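To start, the structure under review is shown below, and the notes come after it.
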Amino acid sequence: MDTFASLITEWFSVNKRPLPWRDVAGWYPVFLSEYLLQQTQVRQAIPYYLNIFARFPDISTLAAADEADIIRLWRGLGYYNRARNLLKAAQIIESGFNGQFPPYLKEALTLPGIGDYTAAAILSIAFNQPYPVVDGNVLRVVMRFMTWPEDIRQGQTKLKVRRFLQDIIPVEKPGDFNEALMELGATVCKPKNPSCIRCPLSGLCLAKKQDQTTVIPFKSPPPPKQKRFQLACIYRNSKGWLLAQRPATGLLPAMWEFPLRELGSLHELEHLAGGQRILKHSYSHIDLYYSYIIIHDPSDLPELKNYQQTAMLGTEELLDKAIHKAHLKIIEQLDLIYCFSAAENTKN
DNA sequence: AATTCGGGGGT
DNA sequence: ACCCCAGAATT
């Protein structure tokens with residue numbers, strides 16, 4: 001009979017995208033991919049997955065990795081604590097769980113970087129256990145299907161969706177059910193302009209029937225973004241470029257950058273930048289406006305005390321460091337650009 | 001419950 | 001510009 005579960009799993013069996021971590025043996029590909037996929041679209045995660053999997057093809061090699069190597073492979077993807085937690089979890093699995101992922105929800109949730117979603121994803125996909133996943137895609141599909149008006153920013157709403165799915169997730173193929181729901185949300189039941197014509201649920205979907213797909217799911221507006229203004233100070237001598245490593249906690253933990261001077265306003269930034277172009281970089285909660293100047297005396301830099309360490313780096317060493325995106329944009333504008341584009345392999 | 005964690009892509 | 005993304009950890 002045509003139930004919610006049978007409709008989407010049958011749809012999935014036909015429309016399943018081939019992905020590098022799909023239909024391969026063992027839990028390790030699922031484990032690795034789920035860290036990469038947190039708040040990250042499939043298309044963006046794929047090249048990172050291929051690079052990391054090629055370098056660390058199993059849990060043992062990953063557990064033995066240097067953190068700096070993981071971070072470098074992660075460079076440009078964002079949310080860098082995912083990479084540190086991935087390594088920590090791999091070490092715990094290797095040493096505390098005999099190299100096997102713990103096939104129980106309670107134990108899985110103790111691993112760093114694994115929360116409700118990731119635990120359910122790994123246990124259902126790789127271990128065939130009936131835990132429903134509730135990510136942004138699933139939330140959207142179910143809220144529309146039921147025409148539920150609740151705010152999806154509220155934690156209660158996620159709980160309500162999980163309870164709904166817990167009762168209908170098939171015990172035979174819980175992983176396919178979960179993947180089907182997410183894939184439907186990503187490719188058909190999109191946030192804007194959903195392709196209801198291609199949707200296996202369109203006959204039963206209440207938001208479709210009531211023409212509510214533009215207003216459901218409802219999401220309350222986020223808090224306004226903070227604006228910040230920064231000037232990067234670039235110093236170069238015969239030994240190389242002056243770079244600094246950020247603190248291990250907070251924004252962009254332990255990432256490298258040109259020493260930064262924090263400013264108070266866009267006006268001040270435009271004044272000090274001296275005609276140099278103003279760049280913009282947006283984070284989840286910050287809009288950053290910044291530029292850079294060339295300095296000739298590094299003793300003018302009291303802000304160096306804000307960093308873990310500093311180093312004079314030749315061009316090759318510079319490109320080997322985990323430099324975050326805002327300053328990669330600066331490097332593109334310097335005469336490093338030729339060497340940089342040759343070494344940068346993560347974009348396309 | 002709210003805030004803090006990136007960066008790319010769609011509209 | 002604004003929104004979203006196979007969310008987790010911290011406060």
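A, B, ... follow the sequence lines: proteins, then strands. Residue 1 opens every chain. Since this is a predicted model, take the numbers as computed values, not measurements.
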Option among A/Y28, A/Y49, A/F53 that satisfies the side chain to side chain contact (heavy atoms under 4.5 Å, CB included) test with A/W21: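 Per the side chain to side chain contact (heavy atoms under 4.5 Å, CB included) rule, the option paired with A/W21 is A/Y49, out of A/Y28, A/Y49, A/F53.
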Do [X] and [N] share a donor-acceptor pair, side chain to base, under 3.5 Å?
{"X": "A/Y117", "N": "C/dG7", "answer": "no"}
{"X": "A/T40", "N": "C/dG7", "answer": "no"}
{"X": "A/S284", "N": "B/dG6", "answer": "yes"}

Out of [options], whichever nucleotide has its closest atom nearest the side chain of [X]:
{"X": "A/Y80", "options": "C/dA6, B/dG6, C/dA8", "answer": "B/dG6"}
{"X": "A/L19", "options": "C/dC5, C/dA6, C/dG7", "answer": "C/dA6"}
{"X": "A/A186", "options": "B/dG6, C/dA6, C/dA1", "answer": "C/dA6"}

If you compare every side-chain N and O of [X] against the phosphate oxygens of [N] (OP1, OP2), does one of them come in below 4.0 Å?
{"X": "A/Y35", "N": "C/dA8", "value": "no"}
{"X": "A/N137", "N": "C/dA6", "value": "yes"}
{"X": "A/H324", "N": "B/dG6", "value": "no"}
{"X": "A/K219", "N": "C/dC4", "value": "yes"}
{"X": "A/Q39", "N": "C/dG7", "value": "yes"}
{"X": "A/R82", "N": "B/dG6", "value": "no"}
{"X": "A/H285", "N": "B/dC5", "value": "yes"}

Of A/K190 and A/L252, whose nearest nucleotide on DNA chain B comes first from the 5' end?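 Of the two residues, A/L252 wins.
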On DNA chain B, compare the nucleotides closest to A/P223 and A/Q41; which residue's is nearer the 5' end?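 Going by which nucleotide is closer to the 5' end, it is A/P223.
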Counting the atoms with a prime plus P, OP1 and OP2 as sugar-phosphate, which does A/G185 contact under 4.0 Å by heavy atoms, base, sugar-phosphate, or nothing?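 It contacts nothing in the nucleic acid.
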Is A/D116 touching bases, backbone alone, or none of the nucleic acid, heavy atoms closer than 4.0 Å?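 Sugar-phosphate only.
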Under 3.5 Å, is there a donor on one side chain and an acceptor on the other for [X] and [Y]?
{"X": "A/E257", "Y": "A/Y307", "value": "yes"}
{"X": "A/E34", "Y": "A/Y117", "value": "yes"}
{"X": "A/T40", "Y": "A/R82", "value": "yes"}

Who does B/dC5 pair with, Watson-Crick or G-U, both distances under 3.5 Å?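 Pairing partner, where one exists within any strand: C/dG7.
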CZ of A/R140 versus C1' of C/dG7: gap in Å, rounded?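 Roughly 15 Å, once rounded to whole Å.
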Whole-Å distance separating the CD atom of A/E150 from the C1' atom of B/dA1: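 Answer to the nearest Å: 17 Å.
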P gap between C/dA8 and B/dG8, integer Å: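 Rounded to whole Å, the distance is 22 Å.
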For atom P, what is the distance between C/dA6 and B/dT4, given to the nearest Å?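 The answer is 24 Å between these two P atoms.
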Considering non-hydrogen atoms only, spot the tightest contact between A/I114 and A/A108 and give its length.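 Minimum heavy-atom separation between A/I114 and A/A108: CG2-O, 3.5 Å.
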Measure up the A/F31 and A/W27 rings against each other and bin them: parallel (under 30°), tilted (30 to 60°), perpendicular (over 60°).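 Taking A/W27 first and then A/F31, their aromatic rings stand perpendicular (interplane angle over 60°).
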Nearest-nucleotide comparison on DNA chain C, the residue closer to the 5′ end among A/Q44 and A/G113: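 It is A/Q44 whose nearest nucleotide is closer to the 5' end.
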When you match A/E179 and A/N85 each to their closest nucleotide on DNA chain C, which lands nearer the 5' end?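 Result: A/E179.
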